[in-house]
Amino acid sequence: MNYIWDLMIKAQDNGMQPEQIHFRPARYYSPYMELSLYDLNATSVDTYVELNPYYRFEQLFGSWFHPDLEEDEEFRHALFDIIVHFLAQMDMYQGMTRREYHIRFILRDIEEGVFGEEAVRQLALLSREEREQLGEQLLRLYEVGEPLSLLRRMFRDWFPRSLIYVNREEKEELMIYVGKQDTPPNIAKVQLLLTLFLPVHFEVRLYWTHHFGLIGTGETMIMDRIAMY
């Protein structure tokens with residue numbers, strides 16, 4: 001990591017919130033690096049991060065930390081932290097496409113409770129990659145429809161062994177074999193997908209580690225590993 005945007009992305013991957021990070025001007029630094037890290041090969045993010053303010057932002061911070069300037073030190077350091085956070089956000093947005101902005105807006109709607117409070121809690125359990133996958137498929141849902149196709153794709157991305165069957169003989173019903181244990185994080189992911197992609201007129205039967213028996217398909221007819229339909 002050498003740039004503030006790189007550090008902020010790494011912090012997101014580690015589950016840290018931006019407000020948990022505090023930037024401060026480094027007392028000792030290399031003129032060839034933006035971040036002044038004790039360990040150059042660090043893969044984790046500390047709460048306090050020292051920054052060489054002159055690496056990219058000399059015009060902005062050039063006169064803030066002159067050795068002869070001793071007034072309002074606490075204020076200058078607090079303002080420095082706020083401005084660097086703002087610069088980091090600008091860094092992260094640079095190079096984003098219009099589509100990526102739309103995905104961010106969709107994820108923000110979920111975070112703000114547009115799809116309910118349960119969806120807010122469930123979204124918080126996702127990794128950065130899973131959030132991006134979810135936002136991409138929700139945007140496709142708005143563009144082309146096809147909720148069942150996108151629901152199946154999301155299940156295959158998050159639960160590679162999953163299978164989805166559609167039963168329309170007597171009622172609109174989905175039978176979903178997840179292929180994983182029904183742990184709280186997995187339950188939250190499944191419920192989030194059903195909330196966002198399931199058409200309202202469909203009923204759902206969930207099968208976690210045991211598939212229901214299919215005559216003629218030996219893998220589903222193993223004793224003690226069959227779920228009843």
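Bear in mind the structure is a predicted one, so any value in this text is a computation, not a measurement. For the single chain, residues carry numbers from 1 onward in sequence order.
Other residues, nucleotides and ligands contribute over 12 non-hydrogen atoms within 6.0 Å of the CD atom of Glu143. Heavy atoms of other residues, nucleotides or ligands lying less than 6.0 angstrom from CD of Glu58 number 12 at most. Atom CD of Glu19 has more than 12 neighbouring heavy atoms from other residues, nucleotides or ligands inside a 6.0 Å radius. Heavy-atom neighbours of Phe75 CZ from other residues, nucleotides or ligands within 6.0 Å: at or below the threshold of 12.
A donor-acceptor pair under 3.5 Å is formed between the side chain of Asn52 and the backbone N or O of Tyr54. A donor-acceptor pair under 3.5 Å links the side-chain atoms of His85 to the main chain of Ile21, judged by distance alone. In this structure, the side chain of Glu130 engages the main chain of Ser127 through a donor-acceptor pair within 3.5 Å. A donor-acceptor contact shorter than 3.5 Å links the side chain of Asn186 to the backbone of Gln181.
Side-chain contact between Arg205 and Glu173: present, with at least one pair of heavy atoms (C-beta onward) separated by less than 4.5 Å. With contacts defined as side-chain heavy-atom distances shorter than 4.5 Å, the pair Asn167/Tyr165 does not qualify. Here the side chains of Trp158 and Leu134 are in contact, with some heavy-atom distance below 4.5 Å. Side-chain contact between Leu148 and Pro199 is present, with heavy atoms from C-beta onward closer than 4.5 Å. Two residues are said to be in side-chain contact when any heavy atoms from C-beta on lie closer than 4.5 Å; Arg156 and Ser162 meet this criterion. Inter-residue side-chain proximity for Arg99 and Leu139 is flagged as met; some heavy-atom pair is nearer than 4.5 Å. Residues Val166 and Phe202 form a side-chain contact, since some pair of their non-hydrogen atoms from C-beta on lies under 4.5 Å apart. Taking the side chain as every heavy atom from C-beta outward, Glu136 and Arg140 approach each other to under 4.5 Å.
Ring planes of Phe159 and Phe155: tilted class, angle from 30 to 60°.
Linking Ile, Leu, Val, Met, Phe, Trp and Tyr residues whenever their side-chain heavy atoms come within less than 4.5 Å places Val84 and Leu60 in a single cluster. Both Phe115 and Val204 are assigned to one and the same hydrophobic cluster, defined by single-linkage of ILVMFWY side chains at heavy-atom distances under 4.5 Å. A continuous path of ILVMFWY side-chain contacts below 4.5 Å connects Tyr142 to Phe197, so both sit in one hydrophobic cluster. Both Val114 and Leu126 belong to a common hydrophobic cluster when Ile, Leu, Val, Met, Phe, Trp and Tyr are linked at side-chain heavy-atom distances under 4.5 angstrom.
For Arg56, the side-chain hydrogen bond (donor to acceptor under 3.5 Å, both in side chains) partners are Glu34, Asp91, not counting sequence neighbours. Applying the side-chain hydrogen bond (donor to acceptor under 3.5 Å, both in side chains) criterion to Gln122, with sequence neighbours excluded, gives no partner residue.
Scanning both residues, Leu35 and Tyr3, for their nearest heavy atoms gives CD1-O, 3.7 Å. Shown here for Ile187 and Asp182, the closest heavy-atom pair between the two residues is CD1-O, 3.3 Å. Pairing each heavy atom of Pro18 with each of Met8, the nearest pair is CB-CE, 3.8 Å. Between Gln20 and Thr47, the shortest heavy-atom distance links the atoms O-CG2, 3.1 Å. Minimum interatomic distance between Leu196 and Leu141 (heavy atoms only, all atoms of both residues): O-CD2, 3.8 Å. Minimum heavy-atom separation, Ile4 to Phe23: CG2-CE2, 4.0 Å.
Interatomic distance, Leu123 CG to Asp109 CG, rounded to the nearest 0.5 Å: 11.0 Å. With values rounded to the nearest 0.5 angstrom, Arg76 atom CZ is found 12.0 Å from Ile83 atom CD1. Atoms CG and CG, from Leu193 and Leu150 in turn, are 11.0 Å apart once rounded to the nearest 0.5 Å. Put simply, CE on Met154 and CD on Gln137 are 6.5 Å apart, with the number rounded to the nearest 0.5 Å. Rounded to the nearest 0.5 angstrom, Arg128 CZ and Gln133 CD are separated by 11.5 Å. To the nearest 0.5 angstrom, Arg104 atom CZ is 9.0 Å from Arg131 atom CZ.
Between Glu146 and Arg153 there is no salt bridge, since none of the side-chain N atoms of the basic residue sits less than 4.0 Å from a carboxylate O of the acidic one.
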Step by step, work out the side chain to side chain contact (heavy atoms under 4.5 Å, CB included) result for Leu51 and Val49.
CA-CA 6 Å; Leu51 174 74; Val49 178; 5.5 Å; no
Salt bridge (Lys or Arg N to Asp or Glu O under 4.0 Å) between Glu111 and Arg108: does it pass, once the steps are laid out?
CA-CA 5 Å; Glu111 292 172 341; Arg108 186 182 64 186; over 6 Å; no
Step-by-step side chain to side chain contact (heavy atoms under 4.5 Å, CB included) determination, Val178 to Ile176
CA-CA 6 Å; Val178 182; Ile176 302 176; 4.3 Å; yes
